[in-house]
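Below, chain A is the first sequence line, B the second, and so on; all start at residue 1.
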2 protein chains.
Amino acid sequence: MQKPKDQLEVFKELLTRKGLKYTHERESIYEEVRAINHHFNADSLYERFKKRGERIARATVYRNLPLLLESGVVQKSAGNGKRDFYERTRTKGHHDHMVCLGCRKIIEFHSDELEQIQEQLSRKYKFKLVFHDHRLFGYCEKCQS
Amino acid sequence: MQKPKDQLEVFKELLTRKGLKYTHERESIYEEVRAINHHFNADSLYERFKKRGERIARATVYRNLPLLLESGVVQKSAGNGKRDFYERTRTKGHHDHMVCLGCRKIIEFHSDELEQIQEQLSRKYKFKLVFHDHRLFGYCEKCQS
DNA sequence: TCTCAATTGAGATTTAGTTTCAATAAGAAT
DNA sequence: ATTCTTATTGAAACTAAATCTCAATTGAGA
Ligand SMILES: [Mn+2]
Ligand SMILES: [Mn+2]
Ligand SMILES: [Zn+2]
Ligand SMILES: [Zn+2]
């Protein structure tokens with residue numbers, strides 16, 4: 001019975017593996033991201049720091065999100081625009097998104113089967129899967145009039 | 001035994017359904033897109049017209065690709081950058097992409113199972129699926145040193 | 001043929017994300 | 001504790017991609 005490796009550990013390991021440093025800014029960003037329960041993007045995250053008076057540069061936020069993504073602390077999400085959206089992993093567990101072309105509504109879904117097939121395919125192509133972006137575009141029930 | 005509805009028909013039907021017109025520009029773009037056998041983006045498509053002296057505005061190309069996407073004439077693809085890439089449907093049949101975070105190499109894959117599950121999920125959520133964007137990010141064999 | 005909303009071209013504009021570079025900080029080595 | 005090397009940061013400039021603006025034009029139904 002082993003204690004599950006916590007996400008901060010994994011994040012730090014990624015940094016080490018890449019020869020990067022665990023800075024105050026990275027600590028703040030890590031913590032903030034873990035506290036958000038919904039979808040967000042780089043700028044909305046930046047605004048949270050700004051609003052509370054914590055000075056972290058916008059560029060720093062942009063620079064670090066990809067690392068959190070790669071370490072699995074956050075996952076790709078979907079928003080109403082075309083910018084990069086994220087959400088904390090394990091808020092509701094991993095899931096993917098359907099985007100309505102009519103009203104931009106987001107429907108979340110999850111399928112273990114789907115996830116497993118992705119793993120299988122990755123193995124087949126000797127691809128080391130880190131994360132994925134899977135969005136279905138179409139029309140929600142309301143918009144199918 | 002019914003003749004399969006050709007793609008131009010489907011495109012025209014989409015236009016009609018949306019109250020849009022079948023212009024010369026749309027015709028040109030439709031034909032050009034059908035003639036490209038590889039991945040492309042709005043600008044590379046625009047350049048093809050420019051090079052051969054056919055004047056179609058860049059904005060017109062940008063404006064119309066989403067319609068071709070929605071009608072299924074083209075599908076979302078993946079390129080080396082983060083812009084929107086497309087490719088003609090039925091060049092090699094529908095497929096999705098793995099993107100190497102190391103060298104940006106693109107691996108194409110296809111899985112009927114995966115496609116079926118997407119259909120199932122869409123049905124479950126009463127979502128009318130039009131197209132999807134499914135990309136796996138990770139490291140290709142070479143970049144896993 | 002008439003009418004009118006949709007479309008286009010050309011350039012300006014917006015948006016999202018990246019780059020630059022001097023100053024600073026992390027953290028390994030001494 | 002001090003030195004050293006390299007990564008990191010902030011702030012603003014910049015770039016890339018896509019969208020918007022608006023007057024002139026065109027498609028297609030009446
Ligand atoms: Mn979500
Ligand atoms: Mn492809
Ligand atoms: Zn909708
Ligand atoms: Zn690679």
Side-chain angles (χ1 to χ4, degrees), chain A residues 8 11-30 32 39-50 52-71 74 76-86 101 104 133 137, chain B residues 8 11-30 32 39-50 52-71 74 76-86 101 104 133 137:
Chain A
L8 184 55
F11 181 41
K12 285 181 174 173
E13 274 168 23
L14 178 89
L15 295 177
T16 305
R17 179 152 44 79
K18 295 200 161 194
L20 307 180
K21 297 168 181 174
Y22 186 62
T23 62
H24 294 309
E25 289 80 3
R26 287 192 172 133
E27 184 178 35
S28 282
I29 293 171
Y30 170 84
E32 193 64 23
H39 298 181
F40 65 90
N41 59 49
D43 276 302
S44 66
L45 178 53
Y46 166 66
E47 288 301 331
R48 290 172 67 103
F49 290 117
K50 196 173 175 186
R52 89 155 74 114
E54 189 172 343
R55 278 195 316 303
I56 293 187
R58 214 172 64 95
T60 300
V61 174
Y62 270 97
R63 282 193 276 241
N64 285 302
L65 278 171
L67 296 172
L68 289 170
L69 187 63
E70 187 161 354
S71 64
V74 299
K76 278 260 178 189
S77 180
N80 50 305
K82 89 227 61 176
R83 54 157 65 200
D84 288 343
F85 274 81
Y86 303 89
L101 295 169
R104 290 281 144 186
D133 184 358
F137 294 87
Chain B
L8 183 55
F11 181 41
K12 285 182 175 172
E13 274 167 25
L14 179 90
L15 294 177
T16 305
R17 178 153 43 82
K18 296 202 160 195
L20 307 180
K21 297 168 179 173
Y22 186 62
T23 63
H24 294 309
E25 290 79 2
R26 287 191 172 133
E27 184 178 35
S28 281
I29 293 171
Y30 170 84
E32 192 63 23
H39 299 181
F40 64 90
N41 59 50
D43 275 305
S44 67
L45 178 54
Y46 166 65
E47 288 302 329
R48 291 172 67 104
F49 291 117
K50 195 173 174 187
R52 89 154 75 113
E54 190 171 343
R55 277 194 317 303
I56 293 188
R58 219 171 62 89
T60 300
V61 174
Y62 271 96
R63 282 193 276 242
N64 285 301
L65 277 171
L67 296 172
L68 289 171
L69 189 62
E70 186 161 354
S71 65
V74 298
K76 279 257 178 191
S77 181
N80 49 304
K82 88 224 60 174
R83 53 163 39 191
D84 288 343
F85 275 82
Y86 303 88
L101 295 169
R104 291 281 144 184
D133 185 0
F137 294 87

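For the pair A:L65 CG and D:dT9 P, the interatomic distance rounds to 12 Å; values are reported in whole Å. Spacing between atom CD of B:E25 and atom P of D:dG27 amounts to 8 Å, rounded to whole angstrom units. Between A:L20 atom CG and C:dA25 atom P there is a gap of 19 Å when expressed in whole angstrom units. A:L15 places its CG atom 12 Å from the C1' atom of D:dT8, with the value rounded to the nearest Å. Residue B:R17 contributes atom CZ, which lies 19 Å from atom C1' of D:dA28 at whole-angstrom precision. Rounded to an integer number of Å, the gap from CZ of B:R26 to P of C:dT8 is 5 Å. In this structure, B:N64 places its CG atom 15 Å from P of C:dA6, rounding to the nearest Å. Across the protein-nucleic acid pair, B:E27 atom CD and D:dG27 atom C1' stand 13 Å apart, rounded to whole Å.
Side-chain atoms of B:R58 do not come within 3.5 Å of backbone N or O of B:D43 as any donor-acceptor pair.
With a 6.0 Å radius and a threshold of 12 heavy atoms from other residues, nucleotides or ligands, A:R52 has its CZ atom above the threshold.
Contact annotation: B:T60 does not reach the phosphate of C:dT7 (side-chain N/O to OP1 or OP2, under 4.0 Å). Contact annotation: B:H24 side-chain N/O to D:dT26 OP1/OP2 distance is not under 4.0 Å.
At the heavy-atom level, A:D43 lies nowhere under 4.0 Å from the strands shown. Note on A:N41: nothing from the nucleic acid sits closer than 4.0 angstrom, heavy atoms only.
Closest to the side chain of B:Y22, out of D:dA18, C:dA10, D:dA28, is D:dA28. If you check D:dA11, D:dC20, C:dT8 against the side chain of A:A59, the one that comes closest is D:dA11. Among the nucleotides C:dG9, D:dA28, C:dG17, the one closest to any side-chain atom of B:K21 is D:dA28. Distance from the side chain of A:R83 is smallest for C:dG17 among the nucleotides C:dA10, D:dT19, C:dG17.
Taking 3.5 Å as the limit, the base of C:dG9 and the side chain of B:R58 contain no donor-acceptor pair of atoms between them. For A:R63 and C:dG17, a side-chain-to-base donor-acceptor distance below 3.5 Å is absent, hydrogens and geometry of angles not being considered.
Among the candidates B:F40, B:F85, B:Y30, the single residue satisfying the side-chain contact (heavy atoms from CB on, under 4.5 Å) test with B:V74 is B:F40.
The C1' atoms of five pairs define one axis at each end of the helix from C:dT1-D:dA30 to C:dT30-D:dA1, and these two axes lie 40° apart (to 10°).
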